[in-house]
Amino acid sequence: MTVSLVLGMLGTTLPSAHAAPLFGHDISWPQCSTAQGGFGLPLPPPASQFVIIGLTRGLAFTENPCLADQVAWARTNGKPAHGYAMGTYPTTAQLNTYGTQGPWSSATHAGRLSNVGYSEARFAVQSMTRVGFRPPVVWIDIEPRPAQPWPAATAAQRLDNRYLIEGLMRGLRDSGFAYGFYSYTAGWQEITGSWRLSGVPVWATAGTLDYPTEALDRCFQPSFSAGRVYISQWYDNVRDYDRTCEPYNFTPLAIPASTLSGSTAEFNGDWRNDLLARVGSSGELRLYAGTGLGRLNPGVTIGTGWGVFNALETAGDFNGDGPSDVVAREAATGVLWLYRGNGTGGWLPRLRVGSGWNAFNSIVAPGDFNGDQRVDLLARDRATGVLWLYPGNGTGGWLPRVRAGSGWNGFNAIVAPGDLNGDRNSDILARDGAGNLWLYPGNGSGGFLPRIRAGHGWTPMTAIVGAGDLNGDRLADIVARDPGGALWLYPGNGRSG
C-alpha cells in the first residue's frame with residue numbers, strides 16, 4: 001500500500017489540527033506590594049504560560065504603581081505578555097482638560113468625549129513607553145466601576161459612552177497597537193446598550209465561575225459584543241486565571257478596522273470618513289480619503305471596470321467582519337454584489353448577495369435603520385414608488401424585507417446621511433421636483449417620524465451624498481456637487497439642519 005493511498009483512505013476521519021490552549025494569568029496593581037499601594041497578592045505561579053498586565057490603577061489617567069516591576073518579572077520569567085487599560089467616563093475636570101486634546105473637533109460634546117477616550121489611550125501608551133513595554137495587544141477594559149461610574153440611564157448616555165470608547169480604540173490604533181475588549185454581557189449592555197462590534201476581538205470573563213464548565217464555555221458562546229473570543233477568564237480571591245480559546249495561541253492580532261458610530265463611509269481604516277467616486281467615462285473607482293477636517297485628499301484608484309454598475313452604495317460593515325463594504329448593482333443583470341472592504345482601502349473577493357434588483361430605481365444604505373445594530377438597505381420600487389427596507393442579518397445576507405413607505409417616486413434624489421437630527425437614529429433626505437430637501441427622521445425601528453423641510457433650492461445640485469462626519473465634530477454631514485463640478489460640504493448641525 002502506498003503512502004498516498006493511506007492518506008486518501010484516512011483523510012475523511014483525521015481530526016482537525018488545533019493549537020493547544022495556553023493557560024495564564026492577568027496581573028495589575030493588586031499584585032503590587034502594600035508599600036506601593038497594592039494588596040500584595042501573589043504573582044502567577046511558574047507554570048503560567050502568559051500574563052496580561054494592567055496598565056492603570058483602576059481608572060484611566062492613573063498608572064499601575066508597580067508596572068515596571070511586573071514587566072520586568074514577565075521578561076525575567078519568559079512570560080509572553082499583553083497589556084490592558086481601563087476605559088473610564090471622565091470627571092468634569094478631565095472633560096475640560098482632555099476634551100480639546102485629540103483628533104476630533106471640541107465644538108461638540110461627542111467630539112470632546114471622543115478626545116477624552118483618545119487621551120486615555122495616549123496616557124496608557126505613555127506608561128508603556130516609560131517602562132519599555134511594547135505588547136502586541138492592549139485590551140480595553142469596559143465594565144461598571146463604583147468610582148466615576150458610567151452614565152447609562154438613557155440611550156443617549158450609552159451612545160456618549162460609545163464615543164469615548166471609540167476614542168480609546170483610535171488612540172491605540174494611532175499608536176500602532178492591536179486591541180480588543182474585556183467585559184461581560186451585563187456590564188457591556190449597561191454601558192454601551194449591547195453595542196455590536198463583531199470585528200473587534202474579545203477577552204471574555206466568566207467571573208467567579210469555574211474553569212471546567214462556564215469559563216470554557218465563554219470560548220464558544222456568543223460574546224457580549226459579537227466579536228470573536230480569543231481569551232476567557234475566571235477568578236477567585238487570590239488570582240485571575242486565563243486561557244486561550246482554540247486555535248488562538250497568544251500570537252499578535254491584527255489592528256481592527258475603525259468603528260465610527262453610524263458611519264458607512266470610513267473605508268481606508270484611518271478613522272476619518274471618506275468619499276468614493278466613479279469616473280463616468282472610464283468606470284474607474286476612486287477613493288478620496290477624508291482629512292477629518294472637512295477636506296478630501298486627492299483621489300486614489302481602487303478599482304477599474306466599475307462602469308458595468310448602475311448603482312453603488314457604501315453600506316458600512318455588511319458582513320460583520322469589521323471593515324466597511326460597498327454594494328453594487330450590475331446594470332445588465334440586476335445582480336447585487338457585495339464588495340467586501342479589507343479595511344485599508346482595498347477589497348476581498350466579491351460576493352453575490354441578491355438578484356432582481358433592477359426593479360428598483362434608487363438604493364441607499366442608511367446604516368442600521370431598524371435598530372438591531374446590523375446595517376440595512378432601502379430600495380425604491382421603480383413601478384410603484386414603494387420604499388422597501390432590506391434588513392441585513394449581520395453576516396452578509398438578508399432578513400425578510402419590510403415595507404417602509406409609499407409614494408416615494410415623487411423624489412428625484414434619496415440620500416442616507418446618518419443621524420441628522422441628533423436623536424441617535426438613522427434618517428433619510430429626499431429632494432422633490434421643486435428642489436425642496438425633506439428630512440424623514442428614522443424612528444429607530446424601521447419607520448419614519450413626520451417629515452421636516454430641511455432646505456430649498458437644491459434643484460441645481462447634480463449629486464447629493466451622505467458622507468458621515470467629514471469635519472470631525474461627530475455630526476453627520478452631506479456633500480453636494482454643483483453644475484460646475486465643485487463639491488460642497490454642508491456640515492450638519494445635529495438639529496435637522
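For reference, positions follow the sequence shown, starting with 1.
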>> Once side chain to side chain donor-acceptor pair (under 3.5 Å) is applied, what residue pairs with a partner in residues 128-139 remain, sequence neighbours excluded?
In response: E63-R130, H82-W139

List the atom pairs, with distances to 0.1 Å, where a side-chain N or O of residues 95-102 and a protein N or O form a donor-acceptor pair under 3.5 Å, not counting sequence neighbours.
residue : atom : partner : partner atom : Å
N96     : ND2  : T92     : O            : 3.3
T97     : OG1  : A93     : O            : 2.9
Q101    : NE2  : T97     : O            : 2.9

Looking at [atom1] of [X] and [atom2] of [Y], how far apart are the two atoms once the value is rounded to the nearest 0.5 Å?
X	Y	atom1	atom2	answer
D217	S232	CG	OG	9.5 Å
H25	D242	NE2	CG	8.0 Å
W271	R170	CH2	CZ	8.0 Å
N370	S445	CG	OG	8.0 Å
I140	Y179	CD1	OH	7.0 Å
L67	C32	CG	SG	8.5 Å

Could you tell me whether a side-chain N or O of [X] sits under 3.5 Å from a main-chain N or O of [Y], the two making a donor and an acceptor?
X	Y	answer
D469	R474	yes
S105	G472	no
D368	V375	no
E190	G193	no
S48	F50	yes
Q49	F23	yes
T56	A85	no
D473	A107	no
N77	K79	no
D325	G341	yes

> Looking at residues at least two apart in the chain, or sitting in another chain, which of them share a side chain to side chain donor-acceptor pair (under 3.5 Å) with N273?
Replying inline: S263

Taking ring pair (Phe, Tyr, Trp, His ring centres under 6.0 Å) as the definition, give me every residue that meets it alongside [X], ordered by chain and number, with sequence neighbours left out.
X	result
W188	F181, F224
Y339	W306, F309, W347
F123	F61

>> Are there over 12 heavy-atom neighbours, none belonging to R122, within less than 6.0 Å of that residue's CZ?
In response: no

> Under 6.0 Å from the CZ atom of R350, do we count more than 12 heavy atoms belonging to anything else shown?
Replying inline: yes

Looking at every non-hydrogen atom in both residues, tell me the closest pair between [X] and [Y] and how far apart they are.
X	Y	answer
A121	L172	CB-N, 3.7 Å
A315	A365	CA-CB, 3.7 Å
N393	G396	OD1-N, 3.3 Å
L420	G492	CD1-CA, 4.5 Å

> Quick one: are the ring centres of W104 and Y163 less than 6.0 Å apart?
Replying inline: no

> On the ring face of Y241, is R243 found with NZ or CZ under 6.0 Å from the centre and within 45° of the axis?
Replying inline: no

>> Does D69 form a side-chain contact (heavy atoms from CB on, under 4.5 Å) with V71? I'd like the steps, not just the answer.
In response: CA-CA 6 Å; D69 295 339; V71 170; over 6 Å; no

>> By the definition side chain to side chain contact (heavy atoms under 4.5 Å, CB included), identify the one residue from L470, T291, D274 that meets it with L296.
In response: L470

> Below 4.5 Å, heavy atoms only, C-beta onward: do V125 and S127 meet side chain to side chain?
Replying inline: no

>> Assess, by modelled atom type and distance only, whether the side chains of D26 and Y182 contain a donor and an acceptor separated by less than 3.5 Å.
In response: no

>> For a quick check under 3.5 Å, do Q373 and S194 share a side-chain donor-acceptor pair by atom type?
In response: no

> Step by step, would you call L399 with D372 a side-chain contact (heavy atoms from CB on, under 4.5 Å)?
Replying inline: CA-CA 11 Å; L399 301 175; D372 66 357; 4.3 Å; yes

>> Run the side-chain hydrogen bond (donor to acceptor under 3.5 Å, both in side chains) test on T88 and Q148 for me, step by step, so that the C-alpha distance in whole Å, both residues' side-chain angles and the decisive distance to 0.1 Å come before the verdict.
In response: CA-CA 7 Å; T88 309; Q148 291 183 228; 5.4 Å; no

> Are D160 and R424 close enough, and set up right, to give a salt bridge (Lys or Arg N to Asp or Glu O under 4.0 Å), and what steps lead you there?
Replying inline: CA-CA 10 Å; D160 281 348; R424 275 66 175 181; 3.3 Å; yes

